[in-house]
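Reading through the structure tokens given below for one structure.
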There are 2 protein chains.
Amino acid sequence: MNVATLCLGILALGDASGYEIKKRFDGPLKRIQQPSFGSIYPALTELTREGLVSCTVHAQEKRPDKKVYSITPAGRAHLKAALQESLPAPDRIHSDFLATMLFSDMLSPDFVARAVKDRIAFYRDMVDHTQCEHPSDAYSGGRAFVHGYARAVCSAAIAYLEAHAAETRQAAEDLRERRSSDATHATQPGDSAP
Amino acid sequence: MNVATLCLGILALGDASGYEIKKRFDGPLKRIQQPSFGSIYPALTELTREGLVSCTVHAQEKRPDKKVYSITPAGRAHLKAALQESLPAPDRIHSDFLATMLFSDMLSPDFVARAVKDRIAFYRDMVDHTQCEHPSDAYSGGRAFVHGYARAVCSAAIAYLEAHAAETRQAAEDLRERRSSDATHATQPGDSAP
DNA sequence: GTCCGCATGTAAGTAGTTACATGATTCA
DNA sequence: TGAATCATGTAACTACTTACATGCGGAC
């Protein structure tokens, strides 16, 4: 799904400016996509050109005019058709964290421990802040579903990470012990050791 | 993390060809990244040029020579440094499925139900096939961690999806009832209904 | 008899990101 | 004093995906 379709969907949930659309993806919706201003603004311009959204300019002093977009009936029809054209494609994930963990055997245990701790904090933040919605927004079953999904998955991740943080720390201590033991016995550490 | 670093990491876990590297990301490792041949082969060429990997050609009849890559000591050093340069960046996720669910209120309930069912089947497949590892591979704590993580998160997703599939179906039935009720009473369905 | 697996590679195309430009206001 | 929030927009750049080229062997 491209950024234009995504913006169209957000506007189907309620009017918004480009800036506000971006903010929506700071919360649990960041599990969907995290579009940048550089992709949102051109997408909105293009959607307007195609007549799928309309734009109302609210003049503001001392800052650029705020442009609030609304989805048009044509936009709604287009969105429905686009979404139902085929079943959603598989997720595309880029997780540097999991890559780091995959290669963790060759990294400093302290570094790995820090990465895990960081990740737990990140997920905890997500879970704690997910319950609150903008009270101004109309209830959306879809939003409730996605929020609930994010909470469920993040909670599971926290549980797994906490259960295995101990193991990671244990591995770190084992390694330190082995190293000091090597040093005591004055053996040469190296790849070709017996 | 770019594809080159990722390939370097895989080679740190054991020698492999480009084709084999790609296959590794078909299983639970697809939660890290899913690089295509079009990015893997050029990355491998570049890594060789930089001396971070070496390449052994195994001649084969009736198909292109198989090029098996090995990480060099320089490659190992480079990988460690690259990974530990900073804490892993946040995940970047593109989930058309969650986007579809976010906008599900305006979609055909049958379509939504199919999408959910599909997703459950996908995760179930992942969980069921994750336990088996190549027995030829050396044990890797990192790999065990990532496999376990994938299992934990997918299981949580399945549980959430199954718990809410019923709700989705209920919503679908409610909508059908309301529609037939509207038809019976011969009211005009429309946005401006009271 | 057609599709999948094996096996490598290139080139064109796309869809994004990053960085910049501009600038008042408020909070630590 | 410095950073974050609000607010829009453009242009250069990057890094990837898709499609193509090539072709045998085996499974269904």
Side-chain angles (χ1 to χ4, degrees), chain A residues 1-8 10-11 15-27 30 32-49 53 55-69 82 86 89-96 99 134, chain B residues 1-8 10-11 15-27 30 32-49 53 55-69 82 86 89-96 99 134:
Chain A
M1 179 170 324
N2 59 22
V3 175
T5 309
L6 196 63
C7 290
L8 198 55
I10 294 296
L11 294 175
D15 294 355
S17 65
Y19 189 85
E20 286 163 352
I21 288 173
K22 172 132 196 299
K23 272 198 304 178
R24 298 251 173 148
F25 292 98
D26 281 347
K30 83 170 96 196
I32 294 177
Q33 215 175 109
Q34 293 180 80
S36 62
F37 288 126
S39 57
I40 289 172
Y41 286 123
L44 252 14
T45 305
E46 178 61 15
L47 287 169
T48 307
R49 203 190 57 72
V53 304
C55 176
T56 313
V57 178
H58 296 252
Q60 293 186 127
E61 280 169 28
K62 321 264 190 178
R63 75 185 49 171
D65 294 349
K66 185 172 179 171
K67 297 166 90 173
V68 175
Y69 294 88
S86 62
D91 291 358
R92 274 171 305 146
I93 306 176
H94 278 233
S95 179
D96 282 13
H134 302 222
Chain B
M1 180 170 323
N2 60 20
V3 174
T5 309
L6 197 62
C7 289
L8 197 56
I10 294 297
L11 294 175
D15 295 355
S17 65
Y19 190 85
E20 286 163 351
I21 289 173
K22 172 134 197 298
K23 272 198 304 179
R24 298 248 173 151
F25 291 98
D26 281 347
K30 84 170 96 198
I32 295 177
Q33 214 175 110
Q34 293 179 82
S36 62
F37 288 126
S39 56
I40 290 172
Y41 286 123
L44 253 15
T45 305
E46 179 61 16
L47 287 170
T48 307
R49 203 189 58 73
V53 304
C55 176
T56 313
V57 177
H58 296 253
Q60 293 187 128
E61 280 170 26
K62 321 266 189 178
R63 76 184 48 169
D65 294 350
K66 186 172 178 170
K67 299 166 89 172
V68 175
Y69 295 87
S86 62
D91 291 359
R92 274 173 305 146
I93 305 177
H94 277 232
S95 178
D96 282 15
H134 302 223

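Naming: A, B, ... by sequence-line order, numbering from 1 per chain. Being a predicted model, the structure only gives us computed values, none of them experimental.
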Could you pull out the protein-nucleic contacts involving nucleotides 6-8 of chain D (nitrogen or oxygen on both sides, under 3.5 Å)?
residue, atom, partner, partner atom, Å
D:dC6, OP2, A:Tyr19, OH, 3.1
D:dC6, O3', A:Arg63, NH1, 3.2
D:dA7, OP1, A:Gln60, OE1, 3.0
D:dT8, OP1, A:Lys67, N, 3.1
D:dT8, OP2, A:Tyr19, N, 3.0
D:dT8, OP2, A:Tyr41, OH, 3.0
D:dT8, O5', A:Tyr41, OH, 3.4

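- Taking atom NE2 on A:His94 and atom P on D:dT14, their separation rounds to 18 Å, with Å as the unit.
- The side chain of B:Ser36 places an N or O atom within less than 4.0 Å of a non-bridging phosphate oxygen (OP1 or OP2) of D:dT17.
- Nearest heavy atoms, A:Ile21 versus A:Ala16: CG1-CB, 4.0 Å.
- The OH atom of A:Tyr69 sits 5.0 Å away from atom OG1 of A:Thr45, with the distance rounded to the nearest 0.5 Å.
- At least one donor-acceptor pair under 3.5 Å links the side chain of B:Thr48 to the backbone N or O of B:Leu44.
- In this structure A:Tyr19 satisfies the ring-ring contact (aromatic ring centres under 6.0 Å, His included) test together with A:Phe37, sequence neighbours excluded.
- Within the structure, a side-chain polar atom (N or O) of B:Ser39 is placed less than 4.0 Å from OP1 or OP2 of D:dT17.
- From the 5' end on, the contacts that DNA chain C makes with chain B at under 4.0 Å to a non-hydrogen atom open and close at C:dG5 to C:dT10.
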| task | Determine, step by step, whether A:Val68 and A:Cys55 satisfy the side-chain contact (heavy atoms from CB on, under 4.5 Å) criterion, reporting the C-alpha distance in whole Å, the side-chain angles of both residues, the deciding distance to 0.1 Å, and the verdict. | result | CA-CA 6 Å; A:Val68 175; A:Cys55 176; over 6 Å; no
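- The nearest pair of heavy atoms linking A:Ala43 to A:Ala4 is CB-CA, 3.9 Å.
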| request: Given side-chain contact (heavy atoms from CB on, under 4.5 Å), test A:Leu6 with A:Phe25 step by step and report yes or no. | output: CA-CA 11 Å; A:Leu6 196 63; A:Phe25 292 98; 3.6 Å; yes
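- Atoms CG (A:Leu44) and C1' (D:dT10) sit 15 Å apart, rounded to a whole Å.
- Remark: A:Glu20 does not engage A:Lys23 in a salt bridge, criterion side-chain N to carboxylate O under 4.0 Å.
- Rounded to an integer number of Å, the gap from B:Met1 CE to D:dC16 C1' is 16 Å.
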